2 protein chains.
Amino acid sequence: MRTNELTDNQRKVLDFIQSYVEVNEVSPKLQEIAEAIGITSRGVAHRYVQALVDAGFLETHSGKHRGIRLLPSEPERSATALPFLGKIAAGKPIEAIAGQDEIDLSNFFGANSYAIRVQGESMVEAGIMDGDIVVIEFRETANDGDIVVALIDEEEATLKRFKRSQQGRYIKLIPENSDMEPMVYEAERVRIQGVLIGQLRHY
Amino acid sequence: MRTNELTDNQRKVLDFIQSYVEVNEVSPKLQEIAEAIGITSRGVAHRYVQALVDAGFLETHSGKHRGIRLLPSEPERSATALPFLGKIAAGKPIEAIAGQDEIDLSNFFGANSYAIRVQGESMVEAGIMDGDIVVIEFRETANDGDIVVALIDEEEATLKRFKRSQQGRYIKLIPENSDMEPMVYEAERVRIQGVLIGQLRHY
DNA sequence: TTCATTTGTTCTCATAATGTTCTCATTATA
DNA sequence: TATAATGAGAACATTATGAGAACAAATGAA
């Protein structure tokens, strides 16, 4: 745990290390730290560094030259996690149940995933509205029932539910909208561009 | 993983290789590296190169002459960003348009936001389905038209669209489902627990 | 191709630089 | 006075550095 009770010199050392790293991209050596605060002893500089390690501000690669590393200032909860309050329907006020679980969105951020904004109403009955952002994982193949981004005749890209005919010669692209009809293409005309793995909307 | 704990000479070597490649379009030979940092031993130069390989800055084609390659500095896209491909409807295959824009989800992750899983169908016509996860920003007040988490009689929490009566004595909670009816409560019985700011779904 | 040369790689040995751990003395402060 | 913070510097351990030998692989020329 990080302490706030730094002596003046400890604070000076910390500030110096921070600005040094800012400029030089490597940590200073003890000699340089000593000079920076106006002393000559490497041993004393080492003592200050050690105090900052104990206080939780630094980390050292013991023995290595320039082996000081700054620790991030906050515990910083994982950037892709949200506190998850489960079924709030249970009825308690939110303050009472905070900090229980977490929901992790890192699965949205895989190497092969990308986002596109949906145009049109063809998937409204699947809860995908005009203007929503969908997260797609890039793949060249899909399974029946997947919602895919399909490129037709190398021209038109569209988001639809995917179904292959029994012989595999045709591909049916099914909208989730009772006002619209499924479309059938020869398999050669359709290129899968990815499969829907997530959806985002921001109000 | 790339370390930035390089010794002075390691950094000198790296800088030299970078500028050499910039000019000559091939990597320098060990002899040249040695001269550049003022030493005579190819063996020592090799040791520096190896250190940079270990640190993740270089790659070598072992044995090959001038076989050093610079590794690109990781662009490290923000952990909360996704490549955003805009209207893929334009028709190009995905490979052709990768790496253009980014969509940043950091606004989902504010200090006062949390996530809950939706139960029930009361908001389907707003595109919020049973099982979806909604992101809520904690607030005690809401504006007409906001979708809110409301706690009724300190017991039941529900997600509905919010509307206040003209005198402010009553609050109407409106489902987005034509099969269901709005409900009206005295303002004292309703406690706002937060306002909908986002929605996530994972397939 | 064949061969000489260059270049990369792996060693060992020696030295310098840096980090680490001490003790001792001084100063400030409760 | 007692305690903590500070500074100097010695002594030692570890790491970084430099030279160069010996060998293997790659390269370029005949």
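To find a chain, count down the sequence lines: A is the first, B the second, and so on, and within it residues start at 1. Everything numeric here is computed off the predicted structure, so don't read it as measured data. Below, each value reflects all heavy atoms present in this structure, side chains not excepted, and no hydrogens, waters or symmetry copies.
Between A/Tyr48 and D/dG7 there is a side-chain N or O to OP1 or OP2 distance below 4.0 Å. Between A/Asn9 and D/dG7 there is a side-chain polar atom (N or O) within less than 4.0 angstrom of OP1 or OP2. In terms of phosphate contacts, B/Thr7 brings a side-chain nitrogen or oxygen within less than 4.0 Å of OP1 or OP2 of D/dT17.
Following rounding to the nearest Å, A/Gln50 (CD) and C/dC22 (C1') show an atom-to-atom distance of 14 Å. Computed from coordinates, the A/Leu30 CG to D/dC12 P distance equals 20 Å when rounded to whole Å. Atom NE2 in B/His61 sits about 14 Å away from atom P in C/dG8, given to the nearest Å. Here the P atom of nucleotide C/dG19 and the CG atom of B/Asp8 are 10 Å apart, to the nearest Å. Rounded to whole Å, the distance from NZ on A/Lys64 to P on C/dT20 is 11 Å. Atom pair B/Lys12:NZ and D/dA16:C1' shows a separation of 13 Å (rounding to whole Å applied). Rounded to a whole Å, the CD1 atom of B/Ile39 is 5 Å from the P atom of D/dG18. As rounded to whole Å, 8 Å separates atom P of D/dG18 from atom CZ of B/Arg47.
Side-chain N/O atoms of B/Gln119 and B/Asp130 include no donor and acceptor closer than 3.5 Å. Looking only at atom types and distance, the side chain of B/Tyr20 has a donor-acceptor partner in the side chain of B/Arg66 under 3.5 Å away.
Nucleic acid contact class of B/Gly63 (heavy atoms, under 4.0 Å, all strands): sugar-phosphate only. The residue A/Ser62 sits close only to the backbone: its heavy atoms come under 4.0 Å of sugar-phosphate atoms, none of a base. Heavy atoms of A/Arg66 sit under 4.0 angstrom from primed sugar atoms or phosphate atoms, though from no base atom.
Between A/Tyr185 and A/Ile152, some side-chain heavy-atom pair lies under the 4.5 Å cut-off.
Atom CD of A/Glu186 has more than 12 neighbouring heavy atoms from other residues, nucleotides or ligands inside a 6.0 Å radius.
With D/dG9, C/dT18, C/dT10 as the candidates, the nucleotide lying closest to the side chain of B/His46 is C/dT10. Here D/dG9 is the nucleotide among C/dT10, C/dT21, D/dG9 with the atom lying nearest to any side-chain atom of A/Ser41. When each of C/dT7, C/dA17, D/dT17 is scored by its nearest atom to the side-chain atoms of B/Arg42, the top-ranked nucleotide is C/dT7.
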Between A/Arg161 and A/Glu176, does the salt bridge (charged side-chain N to carboxylate O under 4.0 Å, His left out) criterion hold? Intermediate values first, please.
CA-CA 8 Å; A/Arg161 195 173 293 279; A/Glu176 295 274 343; 2.6 Å; yes

